There are 2 protein chains.
Amino acid sequence: MTKAISSVAESDIEITEPCPIRDVLDRIGDQWSLLVLEALSARTCRFNELTREIGDISRQMLSRTLKRLEQDGFITRTVYAEVPPRVEYELTDLGRSFLVPMQALVRWADANHLAICRARKTFAPR
Amino acid sequence: MTKAISSVAESDIEITEPCPIRDVLDRIGDQWSLLVLEALSARTCRFNELTREIGDISRQMLSRTLKRLEQDGFITRTVYAEVPPRVEYELTDLGRSFLVPMQALVRWADANHLAICRARKTFAPR
DNA sequence: CAGAATCCAATCAGATACTG
DNA sequence: CAGTATCTGATTGGATTCTG
């Protein structure tokens, strides 16, 4: 991820990664980030709620995914000093604003999945 | 990629992959597909034109990426019986329709990249 | 020019076990 | 409950070489 398709000036001191698209897609393009964001779009969730909601994610991967999303400012993590411990994950404004283009993509995928499956089946190698 | 976030009936015989979002994102979420689609959004391109246009892609990866995009029905591959050989890649209607949500995502990434970079810098681990 | 084949390194993702 | 640590196998991506 080094090439830039961006209108942002590359001399901007705040930006270390030169290409926003590659940078953003490296994050949300992984196996789980979109699923987590989708789950959190409805409501604030606790760790194990997310595990159940998503269904087939390991705690390991959920943990890593949440940490990255938190680092990138998509979600917040709130720890309550209780016993047993309670931790809640919630979308930030940035996270919520991301839902707009993300859900457009989801709708496209939903609408065109059948066409893609058909294309795969009718594709003649060579 | 097994969990479904879809409104499409899972009993649909044409669909082998149960989740459109995961399925689609597994394809375009890779390192290069979006870059190739972006390059082809302007005009039909030949193989080495794409290599130059994208800049840091190896012929190997470009070849693989193009083949998958062709299989999924995003692009067409046209071989001209000339010497030296000429092969042109072009977006299909499906590919062009994908540009709409994709470019919305690109715009979001462009607009919010700075915020993400800042979030990363100010993130205090522990 | 437009690839395919081969080999290799890095990263990803799952299973399992352990912790505060 | 909410994680972390470790190990391991699978997948990705790059470099290099070869070909019609």
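In this text the structure is predicted, and so the values were computed from the model without any measurement. Both backbone and side-chain heavy atoms feed into the values below; hydrogens, waters and symmetry mates do not. Protein chains get the first letters and strands the later ones, always in sequence-line order, with residue 1 at the start of each.
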Side-chain N or O of [X] less than 4.0 angstrom from OP1 or OP2 on [N]?
{"X": "B:Lys67", "N": "C:dG3", "value": "no"}
{"X": "B:Arg64", "N": "C:dA4", "value": "no"}
{"X": "A:Arg86", "N": "D:dA2", "value": "no"}
{"X": "A:Arg59", "N": "C:dG14", "value": "no"}
{"X": "B:Ser63", "N": "C:dG3", "value": "no"}
{"X": "A:Tyr89", "N": "D:dC1", "value": "no"}

Sugar-phosphate, base or nothing in reach of B:Glu82, heavy atoms under 4.0 Å: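 The residue B:Glu82 makes no contact with any strand.
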Sugar-phosphate only, base, or nothing, as touched by A:Tyr80 at under 4.0 Å among non-hydrogen atoms: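 If one applies the 4.0 Å heavy-atom cut-off, A:Tyr80 turns out to touch nothing in the nucleic acid.
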Between [atom2] of [N] and [atom1] of [X], the distance in whole Å:
{"X": "A:Ile54", "N": "C:dG14", "atom1": "CD1", "atom2": "C1'", "answer": "16 Å"}
{"X": "A:Ile57", "N": "D:dG3", "atom1": "CD1", "atom2": "C1'", "answer": "13 Å"}
{"X": "B:Asp30", "N": "C:dC12", "atom1": "CG", "atom2": "P", "answer": "14 Å"}
{"X": "B:Leu66", "N": "D:dG13", "atom1": "CG", "atom2": "P", "answer": "14 Å"}
{"X": "B:Glu70", "N": "C:dG3", "atom1": "CD", "atom2": "C1'", "answer": "13 Å"}
{"X": "A:Leu62", "N": "C:dA13", "atom1": "CG", "atom2": "P", "answer": "13 Å"}
{"X": "B:Glu49", "N": "C:dC1", "atom1": "CD", "atom2": "P", "answer": "10 Å"}
{"X": "A:Gln60", "N": "C:dC12", "atom1": "CD", "atom2": "C1'", "answer": "11 Å"}

Test log, rule side-chain contact (heavy atoms from CB on, under 4.5 Å), inputs A:Asp23 and B:Arg120: CA-CA 12 Å; A:Asp23 194 24; B:Arg120 280 180 199 158; 3.1 Å; yes
A:Trp108 and B:Phe98 aromatic ring geometry - parallel, tilted or perpendicular at 30°/60° bounds: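 B:Phe98 and A:Trp108: perpendicular rings.
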Contact nearer the 5' end of DNA chain D, comparing B:Arg68 with A:Pro84: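 Final value for this comparison: A:Pro84.
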Ion pair B:Glu70/B:Arg68, N-O distance below 4.0 Å: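 Answer for the salt bridge query: no.
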Pair A:Asp93 + A:Arg96, salt bridge at N-O below 4.0 Å: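 A salt bridge is present here (some side-chain N lies under 4.0 Å from a carboxylate O).
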Out of C:dG3, D:dA2, C:dC1, whichever nucleotide has its closest atom nearest the side chain of B:Val87: C:dG3
Check: A:Phe74 and A:Leu37 side chains under 4.5 Å, non-hydrogen atoms: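 Yes, side chains in contact.
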Check: C:dT11 base within 3.5 Å donor-acceptor of B:Gln31 side chain: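 Such a pair does not exist between side chain and base.
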